[in-house]
Structure formats: C-alpha cells, structure tokens
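Okay, structure first, notes after.
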Amino acid sequence: MGRAPGTLGTLWGIPLCWLFNQAGQLGYLSASMGLTLTAIYVAEWYETQNPMQHDHPEVVIDEVAGYVITMALVPLTVATIAAGFALFRFFDILKPFPISYLDRRIKGGLGVVTDDIAAGVAANILMQLLCYNTTLLGTF
C-alpha cells in the first residue's frame with residue numbers, strides 16, 4: 001500500500017459515507033454496523049492466515065469503518081468530510097486513552113478494529129458538537 005496506508009485507506013470511507021447517506025439515517029447506521037462486522041471478520045481472517053502480523057498495514061478496512069463511524073449522523077459537506085477525516089486520523093494515529101488501552105488489550109480481528117471504532121466514536125462526538133452546538137461554533 002505504500003506510505004501512510006491508514007490515511008490512504010481512510011479515503012475509501014468518503015464515497016462509502018456518501019453511499020450510506022443515500023439510505024437515510026437508519027440505513028446509514030445499519031450499513032455502518034454491517035461494514036464494522038465485515039471489518040472484524042476480514043481482520044480476523046487475515047490474522048489467521050498471517051499469525052505473526054497483528055494489525056498489518058495491508059488491511060485498511062478497519063480505518064474505513066472508523067471513518068464511516070466518524071461521519072454517522074453528520075451532514076455531509078466538504079467541510080464536515082475534511083474535518084471528520086482530520087479528527088479521525090488524529091485519534092487513530094495518536095491513540096489517546098482509552099483508545100491506546102483498547103489497542104493493547106484486545107487481540108484478534110476484534111482488536112484490530114476496536115481502536116478504529118473508538119477513534120471513530122471520539123471523532124463523531126466532536127463532529128456532533130461542531131455541527132449541532134450552535135452556541136459553540138454556529139452551524140458548521
């Protein structure tokens with residue numbers, strides 16, 4: 001995948017967010033759940049095939065799922081897509097507590113995806129504040 005595979009992989013989440021958004025809020029959340037479960041399955045399968053390679057850079061579906069979670073129930077604009085991307089990558093790369101704790105403690109496919117889920121949830125909380133707290137920043 002080359003340099004920055006997680007960042008490049010996260011880009012695949014942008015068209016998926018748009019596609020999932022076409023199904024409405026419930027459709028988006030359902031598709032996000034399906035993608036997350038698929039990511040866990042793919043990561044688990046990869047690790048059983050390559051037991052010495054936990055969270056290998058070739059597997060980026062976990063980043064895609066994390067970004068899709070970041071953008072759940074967020075209006076899709078160029079600004080929110082960029083802000084969500086930056087926030088997700090910030091949390092995924094730096095892994096502040098409790099993300100770092102989850103990353104170290106949970107193994108297998110679930111472990112590969114859990115830190116991205118947590119990064120996505122953290123980024124989503126900030127996106128909700130940015131988009132819907134008019135006293136904080138106005139409408140984003």
Stepwise side chain to side chain contact (heavy atoms under 4.5 Å, CB included) check, Gln128 with Val74: CA-CA 7 Å; Gln128 297 300 321; Val74 171; 3.4 Å; yes
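- Annotation: side chain of Phe85 is in contact with side chain of Thr7 (closest heavy-atom distance under 4.5 Å).
- Leu130 has its side chain within reach of Leu87: a pair of non-hydrogen atoms, C-beta onward, lies under 4.5 Å apart.
- Follow the hydrophobic side-chain contacts under 4.5 Å out from Met127 and you never reach Val78; the two are in separate clusters.
- A 4.5 Å side-chain heavy-atom check between Phe88 and Asp116 finds at least one atom pair inside the cut-off.
- Side-chain atoms of Ile99 and Thr114, non-hydrogen and from C-beta on, never get closer than 4.5 Å to each other.
- A 4.5 Å side-chain heavy-atom check between Val113 and Thr36 finds at least one atom pair inside the cut-off.
- Closest heavy-atom contact between Phe91 and Ala119: CB-CB, 3.7 Å.
- Residue pairs meeting the salt bridge (charged side-chain N to carboxylate O under 4.0 Å, His left out) criterion with at least one partner in residues 5-14, sequence neighbours excluded, are absent.
- Side-chain contact between Met71 and Asn124 is absent, with no heavy-atom pair separated by less than 4.5 Å.
- Between Leu11 and Pro15, the closest heavy-atom pair is O-CD, 3.3 Å.
- Residues Leu102 and Phe97 fail the side-chain proximity criterion, which asks for heavy atoms closer than 4.5 Å.
- Ala72 approaches Leu29 most closely through the heavy-atom pair CB-CD2, 4.0 Å.
- Although no hydrogens or angles enter the test, the distance criterion places no donor-acceptor pair under 3.5 Å between the side chain of Glu63 and the main chain of Thr10.
- Without hydrogens or angle criteria, Tyr28 side chain to Val68 main chain gives a donor-acceptor distance under 3.5 Å.
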Residue pair Leu35, Ile61: steps toward the side chain to side chain contact (heavy atoms under 4.5 Å, CB included) verdict: CA-CA 8 Å; Leu35 176 63; Ile61 192 171; 4.1 Å; yes
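- Around CG of Leu94, the count of heavy atoms belonging to other residues, nucleotides or ligands within 6.0 Å exceeds 12.
- Looking at heavy atoms from C-beta onward, Thr80 lies in side-chain contact with Cys131 at the 4.5 angstrom threshold.
- Under the salt bridge (charged side-chain N to carboxylate O under 4.0 Å, His left out) criterion, no residue pair touches residues 10-39, with sequence neighbours excluded.
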